[in-house]
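The next block holds one structure in the form of structure tokens; read it before the comments.
Only a predicted model underlies this, so the values are computations on that prediction, with no experimental measurement involved. Below, read A as the first sequence line, B as the second, and so on, with proteins coming before strands; counting in each chain starts at 1. Because only heavy atoms are used, hydrogens play no part in the values below, and waters and symmetry mates are left out as well, while side chains stay in.
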2 protein chains.
Amino acid sequence: MSERPEQRKDPVDAIIEQWAKVRPDLDTTAMEVFGRVNRLSIAMADRVTKAYAAFGISRGEFDVLATLRRSGEPYTLSPRQLSATLMLTTGGMTGRLDKLERAGLLRRSPDPHDRRGLHVTLTDKGLALVDEAVGVGLAAQTEALSALDPEQAGHLADLLRKLLRSTEG
Amino acid sequence: MSERPEQRKDPVDAIIEQWAKVRPDLDTTAMEVFGRVNRLSIAMADRVTKAYAAFGISRGEFDVLATLRRSGEPYTLSPRQLSATLMLTTGGMTGRLDKLERAGLLRRSPDPHDRRGLHVTLTDKGLALVDEAVGVGLAAQTEALSALDPEQAGHLADLLRKLLRSTEG
DNA sequence: AGAAAGTAGCTTAGCGCTAAGCAACTTTCC
DNA sequence: GGAAAGTTGCTTAGCGCTAAGCTACTTTCT
């Protein structure tokens with residue numbers, strides 16, 4: 001058994017103890033991991049949302065701009081590519097694009113080769129905004145991660161990768 | 001430096017590499033953790049949702065039943081207590097209670113001491129359902145966690161607890 | 001080559017959540 | 001002791017996402 005120093009309890013521990021009282025037969029080990037993964041995901045979503053709100057955009061809208069930015073010059077993708085990358089239905093994408101286009105952060109133009117198709121391109125304003133926002137969002141996450149020292153953080157990332165690869169694959 | 005065996009890449013690694021190409025100045029370390037936390041949370045929500053769907057309830061509805069179950073006899077709480085525990089607005093709770101009451105899984109009754117108040121109580125049918133569903137949901141999570149050996153899982157749980165305590169606190 | 005079936009692409013209707021609103025009790029201050 | 005301010009408790013309106021629907025292109029079969 002590796003050393004596992006006693007830590008103070010967290011809300012997940014409390015839930016697990018309650019289950020132990022009323023259903024001592026249950027094996028709640030998996031909750032130790034996935035209960036915390038869920039709560040962390042929610043808590044961080046909240047923080048990052050606030051970071052982007054300073055730029056007048058939502059988390060989902062940031063994701064659209066970031067995907068275009070990451071794709072490199074000329075910062076152009078189709079709505080199809082965007083919704084596939086963000087694991088979103090095309091309907092959800094339409095709404096986001098509407099709002100971002102109204103804000104002048106991106107531009108829709110017809111695809112010259114496919115009369116059905118569309119091009120979505122970052123405007124200069126959109127490029128400038130996403131380049132600044134990505135730094136602020138990362139800073140919020142980096143600050144939260146500083147609760148762990150670099151070695152622990154690296155170890156955590158590796159364990160999560162292993163779990164994720166088996167879960168998504 | 002502790003040993004960190006090379007692992008095959010995952011989608012988060014791909015995103016990080018893309019950022020490195022177009023914005024090499026960014027420190028994306030925190031994404032290694034929180035990107036995966038997010039994706040794991042989504043992937044598992046999906047699986048667990050499917051597990052509960054077999055019982056005709058959603059994840060959120062299960063949470064209501066489970067909270068009542070965990071509270072022990074007589075399986076009664078107020079809507080207020082439920083929404084506080086589940087970090088939900090009372091509005092969201094109203095809808096869930098409506099549906100669960102229609103399905104005969106719980107019952108609303110007036111609080112005898114407070115004419116504003118309400119009691120929410122698990123029915124026999126609700127108790128039986130949640131007792132079965134909790135096992136199935138846990139099994140889905142346990143199966144996913146089996147990608148790690150018990151020592152790794154314990155270590156992961158500890159790291160997550162530490163991170164969560166600093167994030168939520 | 002022409003037509004019919006299939007596929008890809010995008011905008012419009014239902015659902016679930018948060019935010020405002022309304023009712024009942026409690027407390028505090030004079 | 002009474003009234004006003006505050007608190008607690010719950011149902012009704014806006015927002016964002018997924019699921020159905022419609023249009024345009026493509027492919028395949030005769």
Exercise for review: Check the surroundings of atom CG in A:D124: do more than 12 heavy atoms from other residues, nucleotides or ligands lie under 6.0 Å from it?
Suggested key: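 Check fails, neighbour count at 12 or below.
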
Could you state the atom-to-atom distance from [atom1] of [X] to [atom2] of [N] in whole Å?
X: A:L97; N: C:dG9; atom1: CG; atom2: C1'; answer: 13 Å
X: B:L118; N: D:dT8; atom1: CG; atom2: P; answer: 18 Å
X: A:Y52; N: D:dG16; atom1: OH; atom2: P; answer: 18 Å
X: A:D114; N: C:dT7; atom1: CG; atom2: P; answer: 17 Å
X: B:D111; N: C:dA24; atom1: CG; atom2: P; answer: 15 Å
X: A:H113; N: D:dT26; atom1: NE2; atom2: C1'; answer: 17 Å
X: A:R108; N: C:dC10; atom1: CZ; atom2: C1'; answer: 9 Å

Check your understanding: Between C:dG16 and B:R96, is there an OP1 or OP2 to side-chain N/O distance shorter than 4.0 Å?
Key ->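 It does not, given that no N or O in the side chain of B:R96 lies less than 4.0 Å from OP1 or OP2 of C:dG16.
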
**Study point:** Presence of A:R116 side-chain N/O under 4.0 Å of D:dC25 phosphate oxygens OP1/OP2
**Key:**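 Checking A:R116 against D:dC25: no side-chain N or O falls below 4.0 Å of OP1 or OP2.
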
Check your understanding: Is B:L77 reachable from A:V22 through a run of hydrophobic residues whose side-chain heavy atoms are each under 4.5 Å from the next?
Key ->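 Yes; tracing contacts between hydrophobic side chains, which count when under 4.5 Å, links both residues.
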
Review point. Looking at the side chain of B:R115, which of C:dC25, C:dG16, C:dC10 is the nearest nucleotide?
Key: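 The nucleotide sitting nearest to the side chain is C:dC25.
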
**Study point:** DNA chain C contacts among residues 63-94 of chain A, heavy-atom distance under 4.0 Å
**Key:**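 Going residue by residue through residues 63-94 of chain A, the ones with a heavy atom under 4.0 Å of DNA chain C turn out to be A:P79, A:R80, A:T90, A:G91, A:T94.
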
Review point. Is there a salt bridge (charged side-chain N to carboxylate O under 4.0 Å, His left out) between B:K21 and B:E17 once you walk through the steps?
Key: CA-CA 6 Å; B:K21 278 213 185 74; B:E17 281 176 15; 5.6 Å; no

Practice item. Find out whether B:L88 and B:R96 are in side-chain contact, i.e. whether some heavy atom of one side chain is under 4.5 Å from a heavy atom of the other. Key: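 Sidechains of B:R96 and B:L88: in contact.
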
**Study point:** Sub-4.5 Å side-chain heavy-atom contact between B:Y52 and B:D63
**Key:**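 Answer no - side chains too far apart.
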
Review point. Using the C1' atoms of the five pairs at each end, what is the angle between the end axes of the helix from C:dA1-D:dT30 to C:dC30-D:dG1, to 10°?
Key: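 Rounded value for the end-axis angle: 0°.
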
Exercise for review: Identify whether the distance between the nearest side-chain nitrogen and carboxylate oxygen of B:K162 and B:D158 falls below 4.0 Å.
Suggested key: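 No.
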
For residues 129-139 of chain B, dump all side-chain donor-acceptor pairs below 3.5 Å to protein atoms at least two apart in sequence or in another chain.
unit_1, atom_1, unit_2, atom_2, d
B:D131, OD1, A:R23, NH1, 2.8
B:D131, OD1, B:R69, NE, 2.8
B:D131, OD2, B:R69, NE, 3.4

Exercise for review: Kindly indicate, with the supporting measurements, whether the criterion salt bridge (charged side-chain N to carboxylate O under 4.0 Å, His left out) is fulfilled by A:D13 and B:R161.
Suggested key: CA-CA 9 Å; A:D13 288 317; B:R161 183 193 288 108; 3.0 Å; yes

Point to revise | Evaluation steps, salt bridge (charged side-chain N to carboxylate O under 4.0 Å, His left out), between A:R102 and A:D98 | key: CA-CA 6 Å; A:R102 272 198 302 276; A:D98 284 350; 5.1 Å; no

